[in-house]
> 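Once you've had a glance at the structure underneath, I'll fire off some questions.
All chains are named by letter (A, B, ...) in the order of the sequence lines, taking the proteins before the strands, and each is independently numbered beginning at 1. Atom set for the values below is all heavy atoms of this structure, side chains included, hydrogens, waters and symmetry mates excluded.
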Protein chains: 2
Amino acid sequence: MEGMRLLPMAGEAPAERSDAARNREALLAAAAELIALGCVEHVTMDAVAQRAGVGKGTVFRRFESREGLMAALLDRSESAWQGRILSGPPPLGPGAPPRERLHAFGHSRLEVTLLHADLIRAAGHAGARAYAAVSFTAMHVRYLLGELGVHGDLGYLATALLAPLEVPILEQQVHLEHRSLEQLRTGWDDLVSRVVGC
Amino acid sequence: MEGMRLLPMAGEAPAERSDAARNREALLAAAAELIALGCVEHVTMDAVAQRAGVGKGTVFRRFESREGLMAALLDRSESAWQGRILSGPPPLGPGAPPRERLHAFGHSRLEVTLLHADLIRAAGHAGARAYAAVSFTAMHVRYLLGELGVHGDLGYLATALLAPLEVPILEQQVHLEHRSLEQLRTGWDDLVSRVVGC
DNA sequence: AAGAAAAGCGGACCACGGTCCGTTTGGCTC
DNA sequence: GAGCCAAACGGACCGTGGTCCGCTTTTCTT
């Protein structure tokens, strides 16, 4: 049994070396600190590398790009939020009727998106990361629409419902058209009502 | 009548010097050429300046930024398109019933957005430019919704309807979810039906 | 424990967007 | 036409994201 590889498990994750893992944590921490004591724009790759006490190349090897670093940062709160949906208390989590869950979902997504707007924008379309997030929300909305007995192309309807919750649209509505959070919530509720049917 | 300013007309546009105007045209032409014989990403500010035979500083003085240059490029086809809506033949232009116009609007917007996706992405949120475009489409959809007798926050509904026609969402649907143009058109029609009411 | 291969590391280097400031030029007035 | 000045010009310069490659460290094997 000597030649047996313990972790790699077929051809999946080749496992990370200890120094690499240590640096990954140090870099994420450094980036988070830099955000905390300034804006996201101040998070420059050189600054992160210097603060973490590593070379610049290391940052890129760990996170591919600046967008990748931002996406990794985002990933933490995003997973927590997904957890609240999959197994948290109602009406966000399971247990409430689908209609209520859909309304709660929109309100929550609205808030979390506005809260992390800068980070999300800086993360851009970082590889499969962004798609994973989009895909989770789309799948959930699709599921709720199904529960509600909606007919039609549920995949398209889910995407269409989610589109007004994306950063550019929300920023436009808040900053250019001066809509309040309350108005956005009402708008979502109205939109949901129209889409699922009277 | 000697001291009278002919063009400035109050405090509006201070008029452009002849060499400035010449350079603006040369730069736009150079940029268009560079796009034509390569992708949008190859349009670098140095390259545009060199091809137009001017200094780099001139490019930035005329267009503020790379995004500004892209927005200026986009502005041409965008105005033509707006013209087709305001005074072109039905069902896109006036003359057709509002419902048909709304469907035609979505289909047309879909195509033009996908066609110029790269340019639109490169233009980003270039100052008031982007908002002007967004604002035109929003106003038009809002107007059509009004004609259709829809009740509620028409401004919000217009934005929500338009959101799935924005570049990031369309690219996601086309490239990640492999939806055809036909499916997108059908999706738009269905969405419109649900929003304006059965 | 020793040795070797692979994974990681670091920082010099490059390209591009954007700024600055000394110089030139177009378009006035006289 | 001469002269003036605001506007426009050009290109050296800077910061940042991203790459590359020779050196170091970890980890696995025997």
> Go nucleotide by nucleotide along DNA chain C from the 5' end; which of B:E16 and B:K56 gets its closest nucleotide reached first?
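Nearest-nucleotide comparison on DNA chain C picks B:K56.
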> A:E171: which residues meet the side-chain hydrogen bond (donor to acceptor under 3.5 Å, both in side chains) condition with it, sequence neighbours left out?
A:R121
> In whole angstrom, what separates A:R62's CZ from D:dG18's C1'?
16 Å
> Just checking B:R61: base, sugar-phosphate only, or nothing, at a heavy-atom cut-off of under 4.0 Å?
base
> Could I get the full list of salt bridge (Lys or Arg N to Asp or Glu O under 4.0 Å) partners for A:E147, not counting sequence neighbours?
none
> Run the salt bridge (Lys or Arg N to Asp or Glu O under 4.0 Å) test against A:R61 and tell me which residues pass, sequence neighbours left out.
none
> Checking B:Q173 now: which residues fulfil side-chain hydrogen bond (donor to acceptor under 3.5 Å, both in side chains) with it, not counting sequence neighbours?
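For B:Q173 there are no side-chain hydrogen bond (donor to acceptor under 3.5 Å, both in side chains) partners, ignoring immediate neighbours.
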> Name all pairs fulfilling the side chain to side chain donor-acceptor pair (under 3.5 Å) condition that reach into residues 136-145 of chain A, sequence neighbours left out, sorted by first residue then second.
none
> Run the side chain to side chain contact (heavy atoms under 4.5 Å, CB included) test against B:A30 and tell me which residues pass, sequence neighbours left out.
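Partners of B:A30 by the side chain to side chain contact (heavy atoms under 4.5 Å, CB included) criterion, ordered by chain and then number, come out as B:V48, B:R51, B:A52.
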> By salt bridge (Lys or Arg N to Asp or Glu O under 4.0 Å), which residues pair with A:R99, not counting sequence neighbours?
none
> Of A:T58 and B:R66, whose nearest nucleotide on DNA chain C comes first from the 5' end?
A:T58
> Quick one: do A:D153 and B:R179 make a salt bridge, cutoff under 4.0 Å?
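The answer is yes: the pair qualifies as a salt bridge.
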> Heavy atoms within less than 4.0 Å of DNA chain C: which residues of residues 40-51 of chain A have one? Give them sorted by number.
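Listed by number, there are none.
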> Just compare D:dG10, C:dG18, C:dG8 and give me whichever is closest to any side-chain atom of B:V54.
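Closest nucleotide among those given: D:dG10.
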> Find the distance B:F60:CZ to C:dT19:P and express it as a whole number of Å.
7 Å
> So which of residues 17-37 of chain B are in contact with DNA chain C, with a heavy-atom cut-off of under 4.0 Å?
B:R17, B:S18, B:D19
